[in-house]
> 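The structure follows.
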Amino acid sequence: MSMKITVKLFAAYQEAYDKPELIFDFATPVTVSEVLDKILQEKPELKQWREVTRFGVNLEFVQGNTLLNNGDEVVLIPPVSGG
Amino acid sequence: MNNFLASPTVTNPQDSFAITFAPLSVSEIYELADDPGNGAIVMMSGTVRNQTEGKPVSSLEYQAYEPMAIAIFRSIAQQVRQQWQDVNKVIIHHRIGHLTIGEISVLVAVGCPHRGEAFAACQYAMDTLKYNAPIWKKEHNIVIDEATGEKTIVGTWVKLSECC
């Protein structure tokens with residue numbers, strides 16, 4: 001069974017990919033931080049953000065070890081600075 | 001790090017939250033915060049400053065993950081009411097897109113029976129927004145080449161620690 005995960009990209013992540021979202025198909029269960037690892041393998045220039053990026057799943061903050069379910073919407077949250 | 005309660009999924013009918021491309025209006029937000037039970041309304045207006053630590057700024061660009069930002073605004077209002085039970089109104093509107101110097105990027109207004117809680121609640125709401133709302137700011141700096149005097153604009157995403 002494959003799992004479809006949408007990843008919303010903002011700030012440095014969006015610029016690295018030059019698009020606002022990615023869709024991944026995973027064959028095995030993954031955590032949200034493993035999704036970030038996959039992205040950092042594809043775009044090593046984003047590694048500077050690894051330690052400061054927070055995670056959201058379905059509009060809620062979550063810890064990196066959160067397991068994802070089919071259809072989840074992930075957001076990578078580099079430091080925010082609204083206001 | 002995230003002191004979040006289970007996030008409310010419905011907005012309190014007394015409150016108003018928005019992410020908008022259109023310019024923000026001080027009088028509109030003030031009216032939304034108005035209530036016969038208020039003795040005080042405190043409003044915070046965030047504006048685009050012309051420099052950051054001495055580096056000239058030409059403009060700012062704001063980007064938001066809108067559905068989550070609205071969910072965070074709701075959660076902020078819930079936390080405000082937990083700490084200051086008498087709060088009548090919590091209004092949070094944030095602008096996105098390209099803003100020039102002096103334009104308003106955010107308006108936060110809180111209406112309460114008394115000024116003490118209105119000041120405290122407004123500050124709490126604004127500080128929490130800055131830390132938790134998924135809204136990013138790209139600063140466009142004016143860089144002058146010392147040799148040629150030529151001006152160029154360089155854009156960088158602002159990290160929280162470097163901002164305001």
Side-chain angles (χ1 to χ4, degrees), chain A residues 4-24 31-33 35-36 39-40 42-83, chain B residues 1-9 19 44-49 52 60-76 92-96 99 104-108 125-139 155-164:
Chain A
K4 196 176 109 175
I5 303 295
T6 302
V7 183
K8 293 284 185 183
L9 303 174
F10 294 95
Y13 290 98
Q14 187 176 109
E15 286 188 352
Y17 279 95
D18 199 20
K19 52 178 134 173
E21 68 177 36
L22 303 171
I23 293 171
F24 289 131
T31 65
V32 67
S33 67
V35 172
L36 176 59
I39 284 171
L40 297 179
E42 290 181 6
K43 303 282 180 187
E45 70 268 31
L46 290 169
K47 280 189 177 152
Q48 56 169 314
W49 299 101
R50 181 202 290 271
E51 299 306 322
V52 292
T53 293
R54 290 190 283 165
F55 305 104
V57 174
N58 303 333
L59 312 185
E60 302 264 1
F61 280 108
V62 298
Q63 300 296 318
N65 60 6
T66 302
L67 270 175
L68 295 172
N69 296 306
N70 185 36
D72 278 351
E73 184 170 284
V74 170
V75 60
L76 302 174
I77 307 179
V80 297
S81 58
Chain B
M1 167 160 89
N2 306 316
N3 55 340
F4 276 92
L5 315 161
S7 297
T9 50
I19 302 281
M44 154 78 202
S45 168
T47 60
V48 178
R49 188 175 50 221
T52 298
L60 292 180
E61 187 184 326
Y62 285 88
Q63 200 177 60
Y65 180 30
E66 290 190 41
M68 187 169 173
I70 296 292
I72 297 291
F73 293 173
R74 254 187 229 125
S75 165
I76 288 171
I92 306 175
H93 288 206
H94 204 298
R95 199 168 160 203
I96 51 171
L99 277 71
I104 297 170
S105 56
V106 62
L107 290 172
V108 176
M126 184 64 214
D127 290 349
T128 310
L129 178 157
K130 282 201 80 84
Y131 187 66
N132 277 330
I135 299 173
W136 296 271
K137 178 157 84 174
K138 187 176 192 174
E139 204 169 83
T156 46
W157 290 101
V158 181
K159 292 182 193 169
L160 181 73
S161 57
E162 295 166 359
C163 129
C164 307

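Just so you know, these numbers use all the heavy atoms, side chains as well, and skip hydrogens, waters and symmetry mates. Just so we're clear, the structure is a prediction, and the values are computed from it rather than from any experiment. Below, chain A is the first sequence line, B the second, and so on; all start at residue 1.
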> Below 4.5 Å from any heavy atom of chain B, which atoms of A/Leu9 appear? Answer side chain, backbone, both or neither.
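When you check distances to chain B, no heavy atom of A/Leu9 falls under 4.5 Å.
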
> Any idea which heavy atoms bring B/Ala71 and A/Leu59 closest together, and the distance?
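Taking every non-hydrogen atom into account, CB-O, 4.4 Å.
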
> Do side-chain atoms of B/Trp136 reach the backbone of A/Pro78 as a donor and acceptor pair under 3.5 angstrom?
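Judged by distance alone, yes, a pair lies under 3.5 Å.
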
> Name the region of B/Ala64, side chain, backbone, both or neither, that has any atom closer than 4.5 Å to a heavy atom of chain A.
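Only the backbone of B/Ala64 comes within 4.5 Å of chain A.
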
> Rounded to the nearest 0.5 Å, what's the gap from CD on B/Gln63 to CD on A/Gln14? Could you check?
4.5 Å

> With only heavy atoms counted, which part of A/Pro20 is less than 4.5 Å from chain B, the side chain, the backbone, both or neither?
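Neither part; nothing is under 4.5 Å.
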
> Consider only side-chain N and O atoms of A/Glu15 and B/Trp157, and report whether a donor and an acceptor are under 3.5 Å apart.
yes

> For the pair A/Phe10 and B/Tyr65, name the ring-plane relationship: parallel under 30°, tilted 30 to 60°, perpendicular over 60°.
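Tilted.
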
